[in-house]
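A quick write-up on the structure given underneath.
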Amino acid sequence: MSPSTQDWNHFVNGGTEEYYMNLIADAMEPYLLSSGIRWVRNTPDMTAASSIAQSNHGNYDLHLALHSNAAPEGEAGLRQGSEVYYYPTSAAGKRAADIIAENLKEIYPYPWLVKTVPTTRLGEVAKTRAPGVLIEFAYHDNLEDAEWIKANIAEIAANVAYSLTDYFGIPFVLPQAPRRGTVVVRSGWLNIRQFPSTESQSIARAWNGDPIIINGQWNNWYVVNFRGTVGYADSRYIRIPR
């Protein structure tokens, strides 16, 4: 996850692109945690280039850049809308961008101004190993757009997190306080699964008495972190102290 590091891009009503995009990223994290999405995030002292390098150093499923936009010189304050960028030949990037744009239409005041845009000129979609998507949520040099971003940080964060769960094919789980539990099985082991289904692949095994962290719950499944493996476990086999 790569919120803007552009502290020189000022909102027309105060504050910077870097500041508000990091607020959105902050607000996204509890949703990602409870929904079972693992992430690595850049820091404000990084640049676009170092954010790309950090992304390419790992093995990630998606590179997501969070930005606000500004019109070209001579058109400042005249443009509005959300733009979601992806690399033209990346099927996964296009799919992610389409999902994000469709959901942003539900919260942006003028849904007909939300669009996806293929591009080869933005490094965070053109130079990343993982499929890349760069969101320009709205124009920070337009007063109405800038006010929309500031007034809807939490809603924007939830909307994008929901899009990510759709992209990964997992349930969207509202933020919940992490809890510690203990595996309780009479024989064998507890499967930690990739998706909340007994038909899903087992990605780890937990044994009777093993400690486990519960980050969320969807129906009868817990979203768990077991020794660094994030997945789903049948809630019947985990005891949580009262």
Surrounding CG of D45 (heavy atoms of other residues, nucleotides or ligands, distance under 6.0 Å), is the total greater than 12?
yes

Euclidean distance, T165 OG1 relative to I99 CD1, rounded to 0.5 Å
9.0 Å

side-chain contact (heavy atoms from CB on, under 4.5 Å) partners of P211, counting only residues at least two apart
none

Among the clusters formed by ILVMFWY side chains lying less than 4.5 Å apart, do L33 and L174 turn up in the same one?
no

CA sep, side-chain torsions, deciding dist, call: I149, S68, side-chain contact (heavy atoms from CB on, under 4.5 Å):
CA-CA 9 Å; I149 291 175; S68 57; 4.0 Å; yes

What's the shortest heavy-atom distance between L134 and V125, and which atoms?
N-CG1, 3.7 Å

Which heavy atom of I192 sits nearest to which heavy atom of G231, and what is that distance?
CG2-CA, 4.0 Å

Polar side-chain atom of N152 near backbone of W148 as donor-acceptor pair, under 3.5 Å
yes

Shortest non-hydrogen contact from N142 to G77?
ND2-O, 3.0 Å

CA sep, side-chain torsions, deciding dist, call: Q217, Q176, side-chain hydrogen bond (donor to acceptor under 3.5 Å, both in side chains):
CA-CA 8 Å; Q217 183 172 2; Q176 302 170 21; over 6 Å; no

side-chain hydrogen bond (donor to acceptor under 3.5 Å, both in side chains) between N103 and S163, worked out
CA-CA 7 Å; N103 286 320; S163 292; 2.7 Å; yes

In terms of hydrophobic clusters joined by side-chain contacts under 4.5 Å, are I107 and L64 together?
yes

N9 and D7, any side-chain heavy atoms less than 4.5 Å apart
no

If only atom types and distance count, is the side chain of S55 paired as donor or acceptor with the main-chain N or O of S51 below 3.5 Å?
no

Apply side-chain contact (heavy atoms from CB on, under 4.5 Å) to residues E124 and I52 and explain how you reach the verdict.
CA-CA 6 Å; E124 289 197 89; I52 293 167; 3.8 Å; yes

Between A146 and N13, which heavy-atom pair has the shortest distance, and what is it?
CB-OD1, 3.4 Å

When rounded to the nearest 0.5 angstrom, what is the spacing between OG in S4 and CE in M46?
12.5 Å

Backbone N or O of N22 within a donor-acceptor pair of the R41 side chain at under 3.5 Å?
yes

Step by step, would you call I213 with V224 a side-chain contact (heavy atoms from CB on, under 4.5 Å)?
CA-CA 5 Å; I213 298 173; V224 299; over 6 Å; no

Closer than 3.5 angstrom, by distance alone: can the side chain of S35 be matched with the main-chain N or O of L32 as a donor-acceptor pair?
no

Output for pair (L122 CG, E136 CD), nearest 0.5 Å, gives 7.5 Å

Worked check of side-chain hydrogen bond (donor to acceptor under 3.5 Å, both in side chains) between Y60 and Q54
CA-CA 11 Å; Y60 303 115; Q54 174 182 268; over 6 Å; no

Does Y108 use its side chain to pair, donor to acceptor, with the backbone of G81 at less than 3.5 Å?
yes

Would you check if the side chain of N219 reaches a backbone N or O of W221 as a donor-acceptor pair within less than 3.5 Å?
no

Kindly work out whether a path of hydrophobic side-chain contacts (I/L/V/M/F/W/Y, heavy atoms less than 4.5 Å apart) joins F137 to M28.
yes

If you draw a 6.0 Å radius around CZ in R129, do more than 12 non-hydrogen atoms from other residues or ligands fall strictly inside?
yes

Spacing of CH2 belonging to W218 relative to OG belonging to S235, to within rounding of 0.5 Å
12.0 Å

Cationic N near anionic O, under 4.0 Å, E102 to K105
yes

Carboxylate-amine/guanidinium proximity below 4.0 Å for E199 and R193
no

Examine L62 and V230 and state if one hydrophobic cluster contains both, with Ile, Leu, Val, Met, Phe, Trp and Tyr joined whenever side-chain heavy atoms are less than 4.5 Å apart.
no

Determine the minimum heavy-atom distance between G181 and I214, stating which atoms define it.
N-CD1, 3.6 Å

Checking side-chain polar atoms at under 3.5 Å, does S34 have a donor or acceptor matched by the opposite partner on N215?
no

Between D141 and A76, what is the shortest heavy-atom contact and its length?
OD2-CA, 3.6 Å

Sidechain-backbone polar pair: K127 side chain, A53 backbone, donor-acceptor under 3.5 Å:
no

Could you walk me through whether N208 and V184 pass the side-chain contact (heavy atoms from CB on, under 4.5 Å) test, one step at a time?
CA-CA 5 Å; N208 188 56; V184 179; 4.3 Å; yes

Does R38 use its side chain to pair, donor to acceptor, with the backbone of G228 at less than 3.5 Å?
yes

Is a side-chain donor or acceptor of S82 paired with a backbone partner of V114 at a separation under 3.5 angstrom?
no

Residue pairs, two or more places apart or on separate chains, that pass ring pair (Phe, Tyr, Trp, His ring centres under 6.0 Å) and touch residues 21-49
Y31-F172

Does a side chain donor of either E18 or T5 reach within less than 3.5 Å of an acceptor in the other side chain?
no

Can you tell me how far CD1 of I24 sits from CG of D26, rounded to the nearest 0.5 angstrom?
10.0 Å

For the residue pair T128 / H63, report whether a side-chain donor-acceptor contact shorter than 3.5 Å exists.
no

Can you find a pair of side-chain heavy atoms, one from I170 and one from I37, that are under 4.5 Å apart?
yes

Any donor-acceptor N/O pair, D210 side chain to W207 backbone, under 3.5 Å:
yes

As an exercise, state the distance from CG of L113 to CZ of R79, rounded to the nearest 0.5 Å.
12.0 Å

Could you give all pairs that pass the side-chain hydrogen bond (donor to acceptor under 3.5 Å, both in side chains) test and reach residues 83-93, with sequence neighbours left out?
N69-E83, E83-Y85, E83-Y139

For residues Y232 and Y222, establish whether the separation of their ring centroids is below 6.0 Å.
no

Identify whether L164 and V40 are in the same connected component of the hydrophobic contact network (ILVMFWY, side-chain heavy atoms under 4.5 Å).
no

Indicate yes or no: at least one non-hydrogen side-chain atom of E17 is less than 4.5 angstrom from one of W8.
no

Yes or no on side-chain hydrogen bond (donor to acceptor under 3.5 Å, both in side chains) for T16 and H10, after CA distance, side-chain angles and deciding distance?
CA-CA 4 Å; T16 67; H10 291 269; over 6 Å; no

Of V133, T116, D166, which meets side chain to side chain contact (heavy atoms under 4.5 Å, CB included) against I100?
V133

